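Heads up, the thing below is written out as C-alpha cells.
Just so you know, these numbers come straight off a predicted model, no measurement behind them. Throughout, protein chains are lettered first and strands after them, A, B, ... in sequence-line order, and every chain is numbered starting at 1. Keep in mind that the numbers below use all heavy atoms, side chains included, and drop hydrogens, waters and symmetry copies.
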Number of protein chains: 2
Amino acid sequence: MPTTESAAVDACPDKRVRADAQRSMDALLTAAAEVFASSGVDAPVREITAKAGVGTGTLYRHYPLRSDLVAAVFRHELDACADAAPVLAEQYEPMEALSRWLERLQGFFATKRGLSAALHSGDSAYEHLPDYFRSRFVPALGSLLDAAAAAGEIRADVDPQELLNAVAQLSMGGPIAGEGYATRMVQLLLNGLRYSD
Amino acid sequence: MPTTESAAVDACPDKRVRADAQRSMDALLTAAAEVFASSGVDAPVREITAKAGVGTGTLYRHYPLRSDLVAAVFRHELDACADAAPVLAEQYEPMEALSRWLERLQGFFATKRGLSAALHSGDSAYEHLPDYFRSRFVPALGSLLDAAAAAGEIRADVDPQELLNAVAQLSMGGPIAGEGYATRMVQLLLNGLRYSD
DNA sequence: TGCGTAAGCGGAACACTGTTCCGTATAGTC
DNA sequence: GACTATACGGAACAGTGTTCCGCTTACGCA
C-alpha cells in the first residue's frame, strides 16, 4: 500500500510507533479527508496542517509524498470499490456486472476532487499513486472483462489498464461537462466494446 | 480570438503598436512555441521570458492570461485542424471523414504537451481557452457527426461538445498510456456511436 | 520513580513561481 | 530637437512545496 517507509503502523504492525506520532497521523488523515473534499487533493499542505494542528515538517515526516497521504485517505473506499467487482459478478450477468462496476468506478473518481487529474499529472508528488490504483483496480476490471468476453457479449481485445485509464480521464469532467457527461461517455466506451464489424 | 485587450495588432489592425512592442510580442511567441514544445504549456514564465529576452512584466502586458499566449501560439495550427473537417467531408464518406478528423484532432492534442490537462485544469490562467477551442472545433465536429448520422452510420444523440471533451481527455495519455492508447480509445468511442441495441 | 536517549515536534528558512508596479527607456509626432 | 504617450525590466511581494535544526516528548530500563 504505502510505497514509502511512512505511516509505519499500517505497513508493519510490529514496528513501534509512539503515541504522539500516532496522534499526528490520525489528525492528518482526518484533516486531509476534509480538505480534499472541499479543496481537492492538490490543496496546499498548509491548509491540511493548519486543520490538523501539526507542523508541515510533521506532515512530510509521516507522508513524504503527497501520494502517500492520498492513498492513506482513500484506501478503504478504494478497497471497497475493488472488492465490489466479485460481488457484482455473482449477482448479475457478465455484461450487467461490468456496466455496474464501471459506474461504481466512475462514481469513485467523480467524488474525489482532482484525483483523476492528479493521476495523470506526471507530478512527482503523485509518483506512486497510479501503481497503487492499478494494483487494485486492474485485476477487478480484468476479471469482469474476461467474463463478459467469455459470454460473447464484448470483444476480448481491450486492455483493462487502458480502459481503467480512460474511465479515470473521462471522470474528470471538464469545462463543458454537464450532468451525466462521464456516465454517457463511459457508456459509449461500453457500447464500443459491444460493437463488431 | 484573444479574449483580452492584448496582442492588439491582431485583433484591431487600426490600433498602432510601437515597433519595440511588436518585437517583444514576436519574440515571446517564438520563445513560447519552443518552451511549450519542450516543457509543456505550463512551463514557468521565467523560462519563456528568458528565452525571449524580455521582462516578465512585458509578457503579462501583452498576454495578461496564459491562455492568451497559448491561443496565440497555437492559433494557426488549430485553425488548420478545424478547417480540415469540410475538406475531409468532401473527400470521404461521412463515417470515414469523421474517423479521420477525430484522428487529426487527437494528434493535435497529443503533440501539445500539457494542453489537454490545461483545458481541464479549472485554473483561472486558462480561463478563456476552453471557449476558444470550442468555438472552432464544435461546429467542425458537429457537421461531421450530422452527416454520419444522416447517412445512418451512427446514432444521432451524441453532443459534439461532449465528444470533443472526451477526445481531448483521452489524448492526455496517462501513466500507463502506451503507443496508440489514445487512438484505440477514440476508436472505441467511435464504435460506441455505431452500436445500436 | 528517575534517567537517558531515541523518536518526534514545529515552524523558520529557503527555493521556486505567478503577478504587480514603478522608475527608466524608447518610439512617434509635431 | 522637444514633448509625451507607450513600453520596458526586474525587484518586490505573496503563495506554495520542502527541508532542517533546536527543542520536546515518549518509552524502555535499572
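Which of dT19(D), dC27(D), dC9(C) sits closest to the side chain of Tyr60(A) comes down to dT19(D). Distances from the side chain of Arg66(B) to the nucleotides dC9(C), dG18(C), dC8(D) place dG18(C) closest. With distances taken from any side-chain atom of Ala21(B) to the nucleotides dA7(D), dG9(D), dC9(C), the minimum falls on dA7(D). Here the side chain of Arg61(A) is nearest to one of dG8(C), dA7(D), dG10(D), namely dG8(C). Among the nucleotides dC9(C), dA5(D), dC8(D), the one closest to the side chain of Ser24(A) is dC9(C).
Minimum interatomic distance between Val41(B) and Ala118(B) (heavy atoms only, all atoms of both residues): CG2-CB, 3.9 Å.
Rounded to an integer number of Å, the gap from CG of Leu65(B) to P of dG18(C) is 13 Å. Spacing between atom CG of Asp20(B) and atom C1' of dT24(C) amounts to 13 Å, rounded to whole angstrom units. The nearest whole Å value for the distance from the CG atom in Leu59(A) to the P atom in dG11(C) is 14 Å. Rounded to an integer number of Å, the gap from Gln22(B) CD to dT6(D) P is 17 Å. Distance, Tyr63(B) OH to dG18(C) C1': 18 Å, rounded to whole Å.
Using cut-offs of 30° and 60° on the angle between ring planes, the pair Phe133(A) and Phe109(A) is parallel.
Using a 4.5 Å cut-off between side-chain heavy atoms of Ile, Leu, Val, Met, Phe, Trp and Tyr, with links allowed through other members, Val87(B) and Val138(B) fall into different hydrophobic clusters. Cluster membership for Tyr195(A) and Ile154(B), using ILVMFWY side-chain heavy atoms within less than 4.5 angstrom, is not shared.
At least one side-chain nitrogen or oxygen of His62(A) sits closer than 4.0 Å to the OP1 or OP2 atom of dC9(C). Regarding contacts with the backbone of dG10(C), a side-chain N or O of Thr58(A) is found under 4.0 angstrom from either OP1 or OP2.
Separating the CG atom in Asp83(A) from the CZ atom in Arg136(A) is a distance of 5.0 Å, to the nearest 0.5 Å. For the atom pair CG of Leu115(A) and CE of Met172(A), the computed distance is 10.0 Å after rounding to the nearest 0.5 Å.
A heavy-atom distance below 4.0 Å to DNA chain C is reached by these residues of residues 35-52 of chain A, ordered by number: Arg46(A).
A residue-by-residue look at Gly53(B) and Arg18(B) shows that Arg18(B) has its nearest nucleotide of DNA chain D further toward the 5' end.
Not a single ring pair (Phe, Tyr, Trp, His ring centres under 6.0 Å) links Tyr126(A) to another residue, sequence neighbours left out.
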